[in-house]
Every structure is written in structure tokens, then in C-alpha cells.
Amino acid sequence: MKLFDRVIKRLVTRGQLSIYYHDGRKITVGTPEPGFPSLALKFHDARVPFDIIKDPRLGMAEAFIDGRVSIEGGGIMELISLIRMNNAWETGKSISDLGSVKRGFKTIRRKLWAANHRARSKANVAHHYDLSGALYALFLDRDRQYSCAYFPDAGNETGISLEQAQEDKKAHIAAKLHLKPGMKVLDIGCGWGGMALYLHRTCGVDVTGITLSEEQLKVARQRAADAGVADHVRFELIDYRDIAGPFDRIVSVGMFEHVGTKDYRTFYNKCRDLLTPEGVMLIHTIGRVDGPGITDAFTQKYIFPGGYIPALSEMIQGSEGTRLMVTDVEVLRIHYGLTIREWYKRTLAHKADIVALYDERFFRLWTFYLAGAATVFEHGGMVNYQVQYARDRRSLPITRDYMLEAESALRGR
């Protein structure tokens, strides 16, 4: 416990955190400060501090999920926010470096998670995306956009809804695709079909969406049928490596995190082969700011097995030599934090429904996941990258004006 005392004193200096140990001992660290939470953390058994020191994120997660710790003065969002606010990426501090004794295994773990072979790709996708559709309906927007929305200001002071922010995200992406009516578009990792349906409705293109989630496929196909556009918006259960082209455009939102670094070259080569000579591709993905890393143990075990967040350098290196030209890169820094906080609010509001679907333990797991995800975009080393590629340097206008014009027109529809 003395080791835990030393670690927590280094982690929290602004704001205040009181720790109540299982044996009745109490320590308080930090100093109250406006804008920083003041919380109490209670350990209900003697193993909790040791588990957290051994692996901070997984140890804390499992203790919280199992009800072995409780929080007073706020919830899990406030607790993780307090820790990350004190150790923001800009300060050069690292939470894991202060506590983990597992750093020697990082290289081995990273190699094990680098590949995402066909045999396990579908199982990995099913682990997360084949959860009950009722769960996603409770916390996502009406279109079930399970990716970063697009907000007009960092604090969302205009108060726009999650629904509007997701519509604006689709317009932002569509504008970068430089679409023309009648084009054929491939949506790799199409989710529940929202992007594909939007592109057809607003831009008059034909879209083929592909997924490895059977649950998402059912919903997407039903949506296309209900809208009367199944002859223009098609959905298939197929691996990207097995789809046949050609396509004028490729869009991929939130799927690149599941490709695996060993398959980046395979992915880019396949996409180039699928594109027409004048083809354009837009990849929207979560990304690392600090360069290559590893997937933390909590995310690997409970949320996205086989998933890996790429560094921009890894994306670019993966595409080099494939004769795909990088034509535009944008970094969305704050938007995903705002998005996930909206998901978190809706999750809390629907606690009874989620507990009825699963149980209390799942609810705690889900809130821990969302809290950690929101705060890593607000204070940690994660952002969103939008990277545009073209086969021919002359396929797109040579300034970005066309994006702004198209986005403005799309938002007016």
C-alpha cells in the first residue's frame, strides 16, 4: 500500500482524491481546484491496490467492474478525468509508466496483436458489434453512427445535438470524397448502414457496404429495403480481401483499427486494385499521437480483441510503395471526446434498460469503457485521422476549396 500511496501522490496533485483502504486507513492527495473533481475512492478488499499497481488500467477496470471499489462525489467518468487531467499528454507524463510493472512484455504483446488474420477477424468483430442491437439503440444517435461526430466548437457551446453532429460528420466525409451522381462507392466496415444510405440519398451514388458483423448486416439490409433503395445500396457479409471491384470511391470509417499492422500493406494494395484509375479513398480512424504503441490489456480483453490504434506514421508507411498518393490529412483532436461524452450521458440515462439487457456488471464495464475512451481524446494521446488517398494526382482539385463548398451544400440538405 505504501507503493500505491507514492504512485497516487504523483498522479493527483490538482483536484483532490481521498483513498479509503480496506483496513480503514485513509489518505488524501491533491489540492482542491476549480475545474478539477474532488472524489473519494473506497477499496473493498486488500487486493485492489496491488492489482492496480500491477496493471493500472486493467486492475482498476476489473476492480470497478466487479464492485470491489466504489466512488463518492462523482462517477467513473469523473475519476478517470481527474487522473488524466493531472497527466495530460501535453505535460509529457504517462499514467502507465508511473505504475505498471509489465513494461517488459510490451514488445511481445504488440507483435501478438499486430496481425488480424481472416480466421479470427470475424470472431473479433462479433465480440463487440454483435452485442444486442437494443444496447446500441440506447446510447447512439438515431442513425447508429458508432464513430466520431463533428462539432463546431471544442466545448459544444452551440449545444448542437448528437444527431446533428453525426449528420455533419457524414457531410464532412462525403465532401472529401468529391462524389458525382452515378459513381460506385465501396464502404468498408459499413456498420448499420448509415453512411452508405446517406451517400446515396444526398449524392446519388450507388454504394456497396461490407461488414463482418451478422447483426449489423441484418439491420443495414432492412434499412435499405425500408427506404426502397436496396437496388442502389447493397450490403454484404464479406472480408475486404474478398470483394471485387472496380469502385470510383472507397470510404472506411472506424474499420482501419481492426486491420492489424501486419496487414496494412495488404489492405492498401487491395484498395488500390479496387479503385478505378481516377479513384479516391477516405479513411477515418482513431489514431495515436505518440507513434506506434500497444493495445492496453483492458481494451484487448473486454472491448476490441484484435484491435489496434494506428499511428499516422504506420498508416503512411503501410501505404508507401502501393502507388496510392496521400492527398489530404486532417486531425480531429477534440471531436471524439465530445461524442463519447454524449454516449456516456445516454448510457447513464438508460441504466435500467441496459441492466435489464445484461446485468449490473456489464453496465459498469460499459461505463468504464466509455469514460476511458472519452478522456483519452480529451487529455491523452488519441485523436482521429482522416486520410485521403488517390491513384492519380489529378483526380482531385489542387486546393481544398471544393471540400468546403461541398460540405456547405450538404449541410443545407
Side-chain angles (χ1 to χ4, degrees), residues 125 128-129 140-141 143-151 162 165-179 185-199 202-203 205 207-213 216 220 240 247 249-260 264 267-268 270-271 274-275 279-289 304 307-316 318-319 324 326-340 342-343 373 376-377 382-390 396 400 403-404 406-407 410-411:
V125 168
H128 192 87
Y129 297 100
L140 296 180
D141 65 301
D143 197 38
R144 292 199 190 184
Q145 289 293 304
Y146 194 27
S147 58
C148 177
Y150 192 74
F151 291 85
L162 178 61
Q166 290 292 11
E167 284 293 296
D168 290 346
K169 181 270 297 294
K170 287 175 283 190
H172 194 64
I173 289 173
K176 294 184 178 186
L177 289 169
H178 198 48
L179 297 164
V185 179
L186 174 64
D187 182 356
I188 303 178
C190 62
W192 292 275
M195 178 63 74
L197 291 164
Y198 174 88
L199 295 180
T202 59
C203 302
V205 295
V207 187
T208 299
I210 61 174
T211 179
L212 293 178
S213 167
Q216 288 183 335
Y240 73 89
F247 295 94
R249 299 290 187 264
I250 295 175
V251 63
S252 182
V253 180
M255 178 271 178
F256 196 78
E257 299 92 326
H258 303 283
V259 171
Y264 285 176
F267 177 86
Y268 284 113
K270 178 64 177 179
C271 288
L274 288 170
L275 286 170
V280 175
M281 175 169 70
L282 192 285
I283 295 177
H284 171 113
T285 180
I286 301 170
R288 299 175 184 272
V289 178
F304 293 113
Y308 174 74
I309 305 302
L312 184 59
S313 60
E314 293 175 298
M315 295 183 68
I316 302 305
S319 65
L324 279 171
V326 177
T327 46
D328 191 81
V329 178
E330 183 178 9
V331 183
L332 304 179
R333 292 160 288 127
I334 304 295
H335 299 269
Y336 216 173
L338 293 169
T339 304
I340 300 171
E342 290 298 318
W343 294 346
V376 79
F377 288 96
M382 297 293 177
V383 296
N384 281 89
Y385 295 125
Q386 289 188 350
V387 185
Q388 183 194 62
Y389 295 87
L396 296 162
R400 302 182 87 248
M403 299 182 191
L404 301 177
E407 185 171 344
L410 288 164
R411 285 186 176 183

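The first residue of the sequence shown is numbered 1, and numbering continues consecutively from there.
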S.K.: Does any N or O in the side chain of T285 come within less than 3.5 Å of the main-chain N or O of G287, such that one atom is a donor and the other an acceptor?
M.R.: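 Judged by distance alone, no pair lies under 3.5 Å.
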S.K.: Measure across G191 and A220 and return the closest heavy-atom pair with its distance rounded to 0.1 Å.
M.R.: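 Reported closest heavy-atom pair: O-CB, 4.3 Å.
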S.K.: Could you walk me through whether E314 and R288 satisfy the salt bridge (Lys or Arg N to Asp or Glu O under 4.0 Å) test, starting with their C-alpha distance in whole Å, then the side-chain angles of each, then the deciding distance to 0.1 Å, before giving a yes or no?
M.R.: CA-CA 10 Å; E314 293 175 298; R288 299 175 184 272; 5.2 Å; no
S.K.: Not counting sequence neighbours, which residues clear side-chain contact (heavy atoms from CB on, under 4.5 Å) with E342? List them please.
M.R.: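 Here the qualifying residues are L162, K345.
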S.K.: Identify which one of E167, R411, E330, H284 satisfies the side chain to side chain donor-acceptor pair (under 3.5 Å) criterion when paired with H172.
M.R.: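 Testing each of E167, R411, E330, H284 against H172, the sole residue satisfying side chain to side chain donor-acceptor pair (under 3.5 Å) is E330.
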S.K.: side-chain contact (heavy atoms from CB on, under 4.5 Å) with C271: which residues, sequence neighbours excluded?
M.R.: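 Listed in chain order: I188, I250, F267, M281.
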S.K.: In the structure I gave you, are the side-chain heavy atoms of Y150 and E407 within less than 4.5 Å of one another anywhere?
M.R.: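 Y150 vs E407: side chains touch.
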S.K.: Find out whether E257 and F304 are in side-chain contact, i.e. whether some heavy atom of one side chain is under 4.5 Å from a heavy atom of the other.
M.R.: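 Counting from C-beta outward, E257 and F304 never come under 4.5 Å.
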S.K.: Are the side chain of R249 and the backbone of L177 linked by a donor-acceptor contact shorter than 3.5 Å?
M.R.: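 Answer holds: yes.
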S.K.: Test side-chain contact (heavy atoms from CB on, under 4.5 Å) on I309 and M382 and set out the steps.
M.R.: CA-CA 9 Å; I309 305 302; M382 297 293 177; 3.6 Å; yes
S.K.: Let me confirm one number: the CZ-OH distance from F256 to Y240, rounded to the nearest 0.5 Å.
M.R.: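 F256 atom CZ to Y240 atom OH measures 8.5 Å (nearest 0.5 Å).
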S.K.: Please state whether the rings of W343 and Y336 are parallel, tilted or perpendicular, taking 30° and 60° as the class boundaries.
M.R.: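 The arrangement is perpendicular - the two ring planes meet at more than 60°.
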S.K.: To the nearest 0.5 Å, how far apart are OG in S147 and CD in Q166?
M.R.: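 Rounded to the nearest 0.5 Å, the OG-CD separation comes out at 5.5 Å.
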S.K.: Is there a side-chain contact between M315 and I283 in this structure, where contact means two heavy atoms from C-beta onward sitting under 4.5 Å apart?
M.R.: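 Yes, their side chains come closer than 4.5 Å.
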S.K.: So, do H335 and F377 sit near enough that their side-chain heavy atoms are less than 4.5 Å apart?
M.R.: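 SC-SC contact between H335 and F377 ruled out.
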S.K.: Could you tell me if the side chain of Q388 sits less than 4.5 Å from the side chain of M403, heavy atoms only?
M.R.: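 They are in contact (side-chain heavy atoms under 4.5 Å apart), so the answer is yes.
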S.K.: Is a side-chain N or O of K170 found less than 3.5 angstrom from the main chain of L199, in a donor-acceptor match?
M.R.: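 Side chain of K170 to backbone of L199: no pair is present.
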S.K.: Residues two or more places apart in sequence or in another chain: which of them pass side-chain contact (heavy atoms from CB on, under 4.5 Å) with V331?
M.R.: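 So V331 forms a side-chain contact (heavy atoms from CB on, under 4.5 Å) with R333, V383, Y385.
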S.K.: With the side chain counted from C-beta on, respond yes when V387 and L312 share a heavy-atom pair under 4.5 Å apart, and no when they do not.
M.R.: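 Of all side-chain heavy-atom pairs linking L312 with V387, at least one is under 4.5 Å.
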S.K.: Should Y198 and D143 count as side-chain neighbours, where that means a heavy-atom distance under 4.5 Å?
M.R.: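 Y198 does not reach D143 side chain to side chain.
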S.K.: Using the side-chain contact (heavy atoms from CB on, under 4.5 Å) criterion, which residues pair with A406? Sequence neighbours excluded.
M.R.: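 side-chain contact (heavy atoms from CB on, under 4.5 Å) list for A406, sorted by chain: A175.
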S.K.: Residues two or more places apart in sequence or in another chain: which of them pass salt bridge (Lys or Arg N to Asp or Glu O under 4.0 Å) with D141?
M.R.: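 Applying salt bridge (Lys or Arg N to Asp or Glu O under 4.0 Å) to D141 gives none.
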S.K.: Taking side-chain hydrogen bond (donor to acceptor under 3.5 Å, both in side chains) as the definition, give me every residue that meets it alongside Y389, ordered by chain and number, with sequence neighbours left out.
M.R.: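 Partners of Y389 under the side-chain hydrogen bond (donor to acceptor under 3.5 Å, both in side chains) test: Y268.
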S.K.: Quick check: do L324 and L275 have side-chain heavy atoms less than 4.5 Å from each other?
M.R.: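 Yes, at least one pair of side-chain atoms sits under 4.5 Å.
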